[in-house]
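Counting starts at 1 for both ligands and their atoms, in listed order.
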Amino acid sequence: MTDLQLRFVPDPVLRAVCAPVTVFDAELAALAKDMLDVMYAASGRGLAAPQVGITQRMFVMDATWKQGVPDPQVFVNPELADCSDEVAVLAEGCLSIPDRTSRVARPAQVTLRWQDLDGALQVGTFTGFAAACVQHERDHLDGIFCTDYPEAP
Ligand code: NI
């Protein structure tokens, strides 16, 4: 069980610009596990640290568990390294903004750089739902919501 509580708009912690993670220890690993627990319990596919009141640059994602294929992933200090010119529009929901979706146009394919829980550098390319999700969650680390974008047609 975790003590972490999901935060909802207009909680000001959601507008914080989060600080880089500098310590890669058991506490960070425990936080990642707790964030995944909160995300699954809320039936979400992505959760950023400020959504549980932690202003550190970290998010978790499991893009496929709802299809019966669990794939928990942890992204520490994520940065977009490359974005496709091609754009995709997805109706995005956010655990911190209940009962609302927002159609957001984002690059359809992105390459992300991040650190894992050991601090090792990782790189990956994401398409489809996962591409939108990593961009949505990374935005949270700068206090940006999907609802801040103009509604896409
Ligand atoms: Ni969100």
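- Annotation for Leu117 and Met58: closest pair CD2-CE, 4.5 Å, computed over non-hydrogen atoms.
- Residue Asn77 forms a side chain to side chain donor-acceptor pair (under 3.5 Å) with just one option from Gln56, Arg57, Gln115, and that option is Gln115.
- The number of heavy-atom neighbours closer than 6.0 Å to CD of Gln5, taken from other residues, nucleotides and ligands shown, is 12 or below.
- Cation-pi geometry between Arg15 and Phe145 is satisfied (NZ or CZ under 6.0 Å from the ring centre, within 45° of the ring normal).
- The shortest non-hydrogen separation linking Ser96 to Gln51 is OG-NE2, 3.0 Å.
- Pairs engaging residues 15-50 under the ring pair (Phe, Tyr, Trp, His ring centres under 6.0 Å) rule: Tyr40-Trp65 [sequence neighbours left out].
- Around the Ni ion (ligand 1), the protein contributes the following N, O or S atoms at distances under 2.8 Å: Cys94 SG, His136 NE2, His140 NE2.
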